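Written out below as structure tokens is the structure these notes cover.
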Amino acid sequence: EELLAVVNALTASEFLRWAGIFTHFSTADEPDTTLTKLQHDKFIRFLRFLKNQGIELPTVHMSNTAAAIAFPEFSADMIRLGIGLYGLYPSAYIKQLHLVKLEPALSLKARIAYVKTMRTEPRTISYGATYIAEPDEVIATLPVGYADGYSRALSNRGFVLHRGRRVPVVGRVTMDLIMVSLGESEGKQGEEVVIYGQQKGAEISVDEVAEMLNTINYEVVSTLSRRIPRFYIRDDEIFKVSTPVMYV
């Protein structure tokens, strides 16, 4: 009855147009499908009720990424592909179904801003002196920090890729910078380092970082801030660069 009242009000309004009706599945990415199926059945009953009242339905859409993969029969007129557009699975369960192969569309990279080799004595790194670099250890500074969306919780826990090799984040993640230990390997200012993504056959995935932070991949990518320039690539070439922080 409430639904019918809303639809009638929309139909009678000279200011509003009823373009679509949808539901959003809350558990489509989980192994237990009971609630998803109940939600689908209830929504279909609502639609059938409206049809029985002689109402012509607008565009009907239900499926988010998880439902689009696991329940293709629920697709209706449209789907709402969310995190799947970025080549990320909405949950480990959906990935394990092996129904669709997704490839990550995003990499996070930085260039080494500074390299310093510890010479004669151990030196502490970053705020709180939580890491001590040993003599001959090479420390590289990267211009990315928690203000860019790289979590402070990755202090002394995270990794980046340097020349295809995993190297650890050492010391506290600061607002604008992180430090990584290259061990006794060389590093050069301006050299590319991969924070999320692949380099020379090695990979640090967004899912791995999310698990380390005890969260979901959605949070890892959505916290990337407007300070980070976006490079759009097509056919292995950059065709657009966007620096959102420069726009008001």
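Note that the structure is predicted; figures quoted are calculated from it, not measured.
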Original post:
Atom CD of E211 and atom CG of L213: how far apart are they, to the nearest 0.5 Å?
Top reply: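 With rounding to 0.5 Å, CD (E211) is 10.5 Å from CG (L213).
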
**OP:** Just grab all the ring-ring contact (aromatic ring centres under 6.0 Å, His included) pairs involving residues 144-198, residues at least two apart or on different chains.
**Re:**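 Residue pairs passing ring-ring contact (aromatic ring centres under 6.0 Å, His included), neighbours aside: none found.
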
Subject >> Whether H61 and F22 hold their rings parallel, tilted or perpendicular, with breakpoints at 30° and 60° >> reply: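 Ring orientation of H61 relative to F22: parallel.
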
Answer yes if [X] and [Y] sit in the same cluster of Ile, Leu, Val, Met, Phe, Trp and Tyr residues linked by side chain heavy atoms under 4.5 Å apart, and no otherwise.
X	Y	value
V209	I228	yes
I139	V144	no
F43	L3	yes

Subject >> Qualifying residues under side chain to side chain contact (heavy atoms under 4.5 Å, CB included), relative to A66, sequence neighbours excluded >> reply: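 Testing A66 for side chain to side chain contact (heavy atoms under 4.5 Å, CB included), a comparison that skips the adjacent residues, returns A28, D29, N64, P90, I94.
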
**OP:** Name all residues meeting the side chain to side chain contact (heavy atoms under 4.5 Å, CB included) criterion together with A76; count only those two or more places apart in sequence or in a different chain, and write none if there are none.
**Re:**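 Checked A76 against side chain to side chain contact (heavy atoms under 4.5 Å, CB included); matches are V60, M62.
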
Solution key, residues 100-115 side-chain donor-acceptor pairs under 3.5 Å, sequence neighbours excluded:
from: R111; atom 1: NH1; to: G190; atom 2: O; distance (Å): 3.0

How would you list, by chain and number, every residue that makes a salt bridge (Lys or Arg N to Asp or Glu O under 4.0 Å) with [X], sequence neighbours excluded?
X	value
D207	none
E121	R123
E191	R163

**OP:** Any side-chain hydrogen bond (donor to acceptor under 3.5 Å, both in side chains) involving residues 2-27? Give me the pairs, sequence neighbours left out, ordered by first then second residue.
**Re:**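 Checked against side-chain hydrogen bond (donor to acceptor under 3.5 Å, both in side chains) - neighbours excluded - the pairs reaching residues 2-27 are T23-Q39, H24-R80, T27-T36.
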
Subject >> Considering all heavy atoms, the nearest P244-R226 contact >> reply: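 Looks like O-NH2, 3.0 Å.
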
Original post:
Which residue pairs satisfy the salt bridge (charged side-chain N to carboxylate O under 4.0 Å, His left out) criterion with at least one member in residues 124-136, sequence neighbours excluded?
Top reply: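 Every candidate salt bridge (charged side-chain N to carboxylate O under 4.0 Å, His left out) pair involving residues 124-136 fails, so no pair, neighbours aside, qualifies.
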
Subject >> Set of residues satisfying ring pair (Phe, Tyr, Trp, His ring centres under 6.0 Å) with respect to F25, sequence neighbours excluded >> reply: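 For F25 the ring pair (Phe, Tyr, Trp, His ring centres under 6.0 Å) partners, ignoring immediate neighbours, are F74.
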
Subject >> ring pair (Phe, Tyr, Trp, His ring centres under 6.0 Å) partners of Y218, counting only residues at least two apart >> reply: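 For Y218, no residue satisfies ring pair (Phe, Tyr, Trp, His ring centres under 6.0 Å) once neighbours in sequence are set aside.
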
What side-chain donor-acceptor pairs closer than 3.5 Å can you find for residues 165-173, not counting sequence neighbours?
from: R165; atom 1: NH2; to: L182; atom 2: O; distance (Å): 3.0
from: R165; atom 1: NH2; to: S185; atom 2: OG; distance (Å): 3.1
from: R166; atom 1: NH1; to: E208; atom 2: OE2; distance (Å): 2.9
from: R166; atom 1: NH2; to: E203; atom 2: O; distance (Å): 3.1
from: R166; atom 1: NH2; to: E208; atom 2: OE1; distance (Å): 2.7
from: R166; atom 1: NH2; to: E208; atom 2: OE2; distance (Å): 3.0

